[in-house]
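Structure record follows, encoded as structure tokens.
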Amino acid sequence: MSVILLLILISLVVAIVFLSAFFWAVKSGQFDDTYSPSVRMLFEDRVKKEKEAKND
């Protein structure tokens with residue numbers, strides 16, 4: 001029984017470490033996308049033209 005409790009405690013510690021690392025990465029801007037917004041306007045017309053061509 002003590003082995004199960006030990007494994008549960010270790011898994012909780014590991015989960016907390018990974019969760020805190022994830023929150024740190026989000027807070028520090030690791031997942032911010034700075035490239036797509038500047039390029040999105042170049043490809044937006046093509047998508048609209050393809051949709052209009054399908055509707056005609």
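Hydrophobic cluster membership of Ile4, counting Ile, Leu, Val, Met, Phe, Trp and Tyr whose side-chain heavy atoms lie under 4.5 Å apart directly or via other members: Ile8, Leu12. Here Met1 is tied to no hydrophobic group at all, with no ILVMFWY side chain closer than 4.5 Å. Other residues sharing a hydrophobic cluster with Val26 under the 4.5 Å side-chain heavy-atom criterion for ILVMFWY residues are Leu19, Phe22, Phe23, Phe31.
Residues satisfying the side-chain contact (heavy atoms from CB on, under 4.5 Å) test with Ile16, not counting sequence neighbours, are none. When the side-chain contact (heavy atoms from CB on, under 4.5 Å) test is applied to Phe18, the partners found at least two apart in sequence or on another chain are Val14.
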